[in-house]
Structures are given as C-alpha cells and as structure tokens.
Q: 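The structure under discussion is supplied below as structure tokens; questions concerning it will follow.
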Amino acid sequence: MSDTKENYDEVQLKIYGMTCANCALRIEKNLNKLEGIQFASVNLALETAKVSFSSNLSNEEVIQSIEKIGYGASLLKADPDSNSEDRETQERVELKKLLISFLLSFPLVLSMLPHSALPFAFLHNLHSPLVQLILATPVQFLIGWQFHRGAFLALKDFSASMDSLVSVGTFTAYFYSIYLGFFKPGSFHLYFETSALLISLVLLGKHLEHRAKGKTSSAIRSLLKLQPKTAIVEREGIEMEIRIEDIQKKDTVIVKPGQSIPVDGLVLSGFSSVDESFLTGESLPVEKKAGDRVFSASGNRDGVLKIQSEALGEETVVAGIIRTVSEAQSSRAPIQRFADRVSSVFVPTIFALSFLTFLLWYFLLSPFELSIALENAIAVLVIACPCALGLATPTSIMAGSGRAAEFGILFKTAESLEMTHKCDTIILDKTGTITLGKPTVASILSLHSYTEEEILRIAASLEKYSEHPIAESIVKHARDQGLAFDEVSDFFITPGGGLEGKIGSMNCQIGSPLFIKNNLEEEFQNRIKDLQTQGHTSILLSVNGKVEGIIALRDQLKPGVASVIQTLKSSGIHPVLLTGDNSHTAAKIGKEAGIEEIYSEVKPEEKARIVRDFQKKGRKVIMVGDGINDSPALASADIGVSIGTGSDIAIESSGITLIRKDFDSLLYMLYFSKKTFQNIKMNLFWALGYNSLGIPLAAGGFLFPWVAGGAMALSSISVVLNALRLQRLNPKKEISDHK
C-alpha cells in the first residue's frame, strides 16, 4: 500500500446479521482482502466494525463489500438516541418473529404426545403429517430464512458459520419428516417439531442475548443521558434556547437550577453547587463561582450560572470519556485471538463429527435405523454452535471497561484492560502523581540586588506560559500578591528543565539547579541543600547570566499514598519513584510514601531509558505520570497510565487514564483488570467445557435435537449473564476490606 497514514479515513459501521464469531471473522477477512483497506476490526458483542481505508475507497464501497457476503451494514450514527431507537426497532422485529415462531411450534410440541395424553379430540389432528407440515413450513422457510440465507452465502464463500449448522440441522429434520409422513406411511413419530423448535429456541437465545448485551453498555448510556439536548444562550443581551449543537465557542451559556451544564467552560458570574460525581466520584456537590471551571453533563443544583463556553461536543471531557470507553469496548483483547483461532476451525470440525456420528449410529450402534442416526447427528450439529465462544471475551470487555469508567478508570484498549494486572513493576512520577501536584511557595530568597517581589514578578512572567504544576503555583502566588506580569519575548521551554525568555533587555532563565548552570556562591549552595533536606524544591532565577533568586516550593503527598504503596507491595508489585527533582527532596518524599527504589534528577529522555532497563530485566512495567516530560516513558512502558488532570500529550501517550484525584484509583485499575480477565477465562472455560461435554452427550444419543438447541441458546445467555456480573463490582468495598 503506497498511501501514507494521512490518506486513510476511519469509519464505524453498524453490522446486521452476525450470529457467531465466525461471522465476525468472515467479515474481517473479507474487508482486509479489499484493496485500500488499512485495517478492519469487527466486534461481535457490539455488532459494530471499525474500518480504516484509503481515500480511494468510499463508505458505500466498504458497506457494499459487507453486503456482498450476506450481512447488512450502515454508518454508525453519531446521535446515540438514533442508535438506541434502531436497536429497539430491531428488538421489536425479533420479538414478533419469535412469538410467531413459538405460536406455530407449540402445537408441534403437543404432537409429540400420544392420543391418550391430549385433552381434546380435535388435538388428535396434530398427529396428521399434513397439519404438521402446514405448521412447520412457515417457521422453516420464513422465520428461519435468515439462517438459510447466511448458510448459502457462507457456502458461496467456502466457509461455514452457526447459520450453516442450524440450516443443515433443521433442513435435515424437515425433509426427513416429509419422507416419513408422505412416502413412508405409518411412521408414528415425525421430526417437524425438531426443525421448528430448533429455530424458535435459537431465536429465543439470540433475543435474550441481545437484551443482555444491551446492558453491558449501560455505563455509556448513563453518561449520554446526562447531556442536555438544548441550552439557554445569551447573545447581544437576548436569551434564547437553542440546540446544544448550535452553541459556539465564547458563547455565554445560562444554566438554571436543576439543569445540566451543556459545555465545558469558565464561570463568568453566579454562585451554585454543582454535581460532578460522574467525573470526581464525590457524592457531595462542588461549589462554583466566577473563575471556576465547569464540565459538560454536570448537574447545576441551586443557583444560576453564566458560563463562557470553551469546549463543545466531541471536545468536552464527558465526550472524551465516552469515546475512550467505546474504543476500548470495540478493540480486541490478546486472549480473543485464542477464541478466534478455535472458532475458525470449529464449524468444519463439527460437521465432520456430525457425519461421523451418523455413520457410527447407522452402521454400528443402531444398524440401518436412519431416524436415530439422523437425530443424533442433528443434535451434534446444533449443540456445538460456537456462539458462546465468540461472546466470551467481548462481553466481558464491554462490561468491565464500562464499570471501570464509572469509577474514573478509562481503559483505552482491551489489551490494556487485560494486561495491567499482569505487570510486576509500577514506576511513579512524583509531582502530580504521588504528590498533590499543587506545590506552594514556601519562601523566596533574594541573592543580590532584586527584591523578593521583583524575583516573583519576573519568575511568574516566565512561568505563565507553562502548564507544569510548579509553574502554576508560582503564577498563583504572584496573582495572590496582586503583581502585574511583564511581557516576554523569545520564549523557549526545555521539558524537564526550565524556561527562558527576554523581558525588555533582560535575558531570563528559570528552572532547576541542573538547568541553571551558573556558579553559585557556597553560602547559597548550602542554603539550597538545607531546603532540599527539608523536602523543598528549589527553583533558580537567572537574569543576564547571573543567579538572582531562589524560590522554594513544598508539595504534599496525596492522601492515602503510603497505604496504597503498601497494598501494591503486598500484592507483589514493586514500586519505583522517578523524578526530575533533587535527591534530597526525592528521598524525603520516597520515605514518606514507603518507596525504597528512587531515581532523582532524571531528565525526560532518561525516564524512558529507565523504563526500558526494567523491561530488559524481564519486568512488566506500568508507568504513571501526568506531564509532558513523562510522555516518552508512558509510551515506552508496557502499560502507560496518565492522571486525567495532566497534559493532553501525556494522556495521548498512555493506555489508561485516571480521571479522579484519589490515589486509590491505581488499586481500582488493577482490580478491574484482574476481575475482567478472570471473567473472560471463566467464560472461555464454560464455553469450551460446555461443548466438550455437550458434543459427546449428543453423539451418544442422550440429547434430543430440540433439547440440544435449547442448551446451545442457554450457553450463549449464560456467558453474557456472567459478564454482566462485572457491572456489580465495587472496588471501594472489596479493597478496603482487604487493607
């Protein structure tokens, strides 16, 4: 493929007509063979596909390639309500077909009873081959058409699926019943009820499965419900109610008590308490006043707020959460590859086993008893449908990632959800990760002619261009002192080091002692050492090549850090502290946290090297950070974890985002990863165990075909219901009980 990455478009599709894992694999294989496709991934549980393709292709061509092999496809609608309506419409159609199928199948079930067991004389007519044919035919050809069509299209593609098993099994029972009823008179038992009931039970299983799968995405739907449809905007002094899509940046949005906030923005005026529990996890509302930041989907409680809109639609925090969870749910976990490999050979193997069962019964176990041989062969076909195997992994991923999002843990991929708990080393950045990330100015030391106020003003003028927590604390301190900022030109930032720029004719630098390479008098060097011993971070200000001041800052550990570190240790996870700060401050913070292995005065590029050094020793590494200078290390680690309040680059470089401030989120992250993986393994065990047990029973003649059909349907439902258990997980309770 000669196209560059920039020439590829990505689209999400809704897929219709998939019945098992083989269907998803078949669609993927077909798409990936298409010229111009970069990659295609199909999710059976979500019934969606993500496709990246060259600009030489169109959406319509991609959809047509799916339709050619017998499935339906359409663009996944951006409006969640529309997708919900489509799902509900589809469920209503399925329910109607299901009711009709059972209505026609029930008399056929009664026909299995002898005359003496039927309460009314007219029911004796149910034993008539013609009556049974009339009842079974609509089920076989109309209700069951979707299976026969899928089987035919799979055959054209030289493949097989669940449709193939159901179609062959029901047609065998149907036509054998015609032979017995009309060409071999006197046969007491026909098998029309087998074909009709099989289709009915498979439809019932798929219907219940769809309803249960819908619940696995409840976390996303609950977030979507928080977003309002309209908003009140003030333009040129006039208030108007408009659709949320029509809000523009810098609009003044008015939010009244009881309404949801429609945008991310800054409070211009007003005072109110706001429910941000979806974001912070705190049940108590947060007071908001002029200058405070608010987020879309938060609930305004008791006051009127005027908000200047800053982020709209897909740019909002809640939209980012929804997008991250959706992407995780549609991605494929490494363990899914095992299920895919099994599914790809499963159906042909089952056809071979079914044929072998027929031969054994017809020639050895019940010689020349065609009905017994066929019945057992059909039972093998039906009970072995690989639906449960295909659903085992994606349903757990959907439920686990959705529940984790409710606790502020955003797994970006299924791989990160599966692999996190397998890591044995966790490397933690200091500032903003294990500390509050809001250092306060403890003291300002003037070394020569500048006053403390002048040193603070110059430092804040430079730092206002940085997003680093230290910069924010210096700027805040200057504002609290009522100082005005100077204009800065030729500004330049050195990640992990410091800043430099010109203020008037002065060449200014601010940063760590390693960054400011000027010589300091011994007296001031000792003063810096004293500050570092006390756990303070020293920031030097240099003007025209001469160090003029020292700003000492103090940061505090986040609440509960020491307890979390101890829990990590007891779980077999080795904690490491990594910081650009000096060794004295790092040692003091490390001692308070309970971390023995500490790397201090580390430059950004060295952080990634340290991560790789651990990996070379065979360690699986989690890197936790929140700054731009952490990005290389986050990208190098096996699992990169960013703090949601950190920089956009750090968040982009990581596989997991923690959007809440409490340090317990690290334990929740490991908890959800472990529980989800255990759930996946349990699903796979039962799916494979079910087939391992069911196939011999069916081949041995211990299961009627319709019983096998019911068991097959129940296996899929049981897998989905087991995955739904993840939605009841409560890490706060379970982790606190084990501390």
Side-chain angles (χ1 to χ4, degrees), residues 429-483 485-486 493-494 496-500 503 508-543 546-558 561 577-593 598 600-603 626-627 629:
D429 175 52
K430 181 180 77 70
T431 304
T433 301
I434 71 168
T435 64
L436 292 172
K438 294 183 178 179
T440 55
V441 176
S443 62
I444 300 173
L445 177 63
S446 174
L447 305 186
H448 298 104
S449 57
Y450 287 89
T451 66
E452 292 181 5
E453 186 177 286
E454 287 173 327
I455 290 169
L456 179 60
R457 189 191 75 245
I458 295 170
S461 298
L462 291 168
E463 297 283 20
K464 71 179 181 181
Y465 294 99
S466 172
E467 292 183 348
H468 195 280
I470 287 178
E472 292 177 358
S473 66
I474 293 174
V475 171
K476 181 180 183 300
H477 192 67
R479 283 179 175 150
D480 291 343
Q481 301 295 320
L483 300 182
F485 297 122
D486 297 321
I493 182 170
T494 301
L499 316 170
E500 52 190 289
I503 298 178
C508 304
Q509 286 184 313
I510 186 169
S512 67
L514 288 175
F515 178 69
I516 307 296
K517 296 182 175 63
N518 312 70
N519 292 322
L520 271 176
E521 298 172 23
E522 186 176 346
E523 175 190 350
F524 300 125
Q525 290 178 357
N526 292 333
R527 185 63 185 273
I528 290 175
K529 288 179 182 178
D530 289 341
L531 290 169
Q532 291 173 346
T533 303
Q534 297 169 33
H536 290 77
T537 298
S538 296
I539 301 297
L540 307 188
L541 174 67
S542 169
V543 180
K546 184 179 181 181
V547 178
E548 295 288 352
I550 302 172
I551 301 176
L553 299 106
R554 179 77 169 104
D555 202 357
Q556 300 290 330
L557 278 182
K558 288 180 178 177
V561 166
L577 181 61
L578 201 62
T579 177
D581 216 331
N582 65 85
S583 58
H584 297 288
T585 301
K588 185 172 179 59
I589 291 292
K591 184 177 180 181
E592 292 177 10
I598 301 168
S600 59
E601 300 180 359
V602 179
K603 295 178 181 179
D626 75 329
N629 58 339

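Values reported hereafter were calculated over all heavy atoms of this structure, with side chains retained and with hydrogens, waters and symmetry mates removed. Numbers for residues simply follow the sequence, beginning at 1.
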Q: To the nearest 0.5 Å, how far apart are CD1 in Ile474 and OG1 in Thr440?
A: 11.0 Å

Q: Any sub-3.5 Å donor-acceptor pair from Ser473's side-chain atoms to Ile470's backbone N or O?
A: yes

Q: Please enumerate all residues that pass side-chain hydrogen bond (donor to acceptor under 3.5 Å, both in side chains) together with Arg554, with sequence neighbours excluded.
A: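 Once residues adjacent in sequence are excluded, Arg554 has no partner under the side-chain hydrogen bond (donor to acceptor under 3.5 Å, both in side chains) criterion.
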
Q: With rounding to the nearest 0.5 angstrom, report the CZ to CG distance, Arg527 to Leu447.
A: 9.5 Å

Q: Determine whether a donor-acceptor pair (N or O, by modelled atom type, separation under 3.5 Å) exists between the side chain of Thr435 and the backbone of Lys430.
A: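 Checking the backbone N and O of Lys430 against the side chain of Thr435, a donor-acceptor pair under 3.5 Å is found.
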
Q: Considering non-hydrogen atoms only, spot the tightest contact between Ala460 and Phe485 and give its length.
A: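 Where Ala460 meets Phe485 most closely, the heavy atoms are CB-CE2, 3.3 Å.
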
Q: Quick check: closest heavy atoms across Cys508 and Ile458, and the distance to 0.1 Å?
A: SG-CG2, 4.0 Å

Q: Asp486 versus Arg457: any side-chain heavy-atom pair under 4.5 Å?
A: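 Answer yes - side chains close enough.
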
Q: Please identify each residue that fulfils side-chain hydrogen bond (donor to acceptor under 3.5 Å, both in side chains) with Thr537, with sequence neighbours left out.
A: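 Scan of Thr537 (side-chain hydrogen bond (donor to acceptor under 3.5 Å, both in side chains), adjacent residues dropped) gives Asp581.
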
Q: To the closest 0.5 Å, what do you measure between CG (Leu557) and CG (Leu436)?
A: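 Leu557 atom CG to Leu436 atom CG measures 8.0 Å (nearest 0.5 Å).
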
Q: Checking the side chain of His448 only, and the main-chain atoms of Val547 only, is there a donor and an acceptor separated by less than 3.5 Å?
A: yes

Q: Could you walk me through whether Thr579 and Ile589 pass side chain to side chain contact (heavy atoms under 4.5 Å, CB included), step by step?
A: CA-CA 10 Å; Thr579 177; Ile589 291 292; over 6 Å; no

Q: Out of curiosity, Leu540 CG to Ile510 CD1, how far, rounded to the nearest 0.5 Å?
A: 8.5 Å

Q: From Leu577 CG over to Thr433 OG1, what is the distance, rounded to the nearest 0.5 angstrom?
A: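 Between Leu577 CG and Thr433 OG1, I get 9.5 Å after rounding to 0.5 Å.
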
Q: For Tyr450 and Ile455, which heavy atoms make the closest approach, and how far apart are they?
A: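 Scanning both residues completely, I find the closest heavy atoms to be CB-CG1, 3.8 Å.
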
Q: Ignoring hydrogens, what is the shortest heavy-atom contact between Glu548 and Ser449? Give both atom names and the distance.
A: OE1-N, 3.8 Å

Q: For Ser538, run the side chain to side chain contact (heavy atoms under 4.5 Å, CB included) check against Leu553, Thr585, Ile550 and tell me which one passes.
A: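 That would be Ile550; it is the only one of Leu553, Thr585, Ile550 passing the side chain to side chain contact (heavy atoms under 4.5 Å, CB included) with Ser538.
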
Q: Can you sort out the partners of Tyr465 under ring-ring contact (aromatic ring centres under 6.0 Å, His included), two or more places apart, ordered by chain and number?
A: Phe491

Q: For a quick test of reading the model, state the closest non-hydrogen atom pair linking Glu500 to Leu462 and the distance between them.
A: C-CD2, 4.2 Å

Q: Rounded to the nearest 0.5 Å, what separates atom CD in Glu463 from atom NE2 in His477?
A: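 Separation between the atoms: 13.5 Å.
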
Q: Might you confirm whether atom NZ of Lys464 has over 12 heavy atoms from other residues, nucleotides or ligands at distances under 6.0 Å?
A: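 Atom NZ in Lys464 is crowded, with more than 12 foreign heavy atoms closer than 6.0 Å.
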
Q: How far apart are the closest heavy atoms of Ala587 and Ile598, and which atoms are they?
A: CA-CD1, 4.0 Å

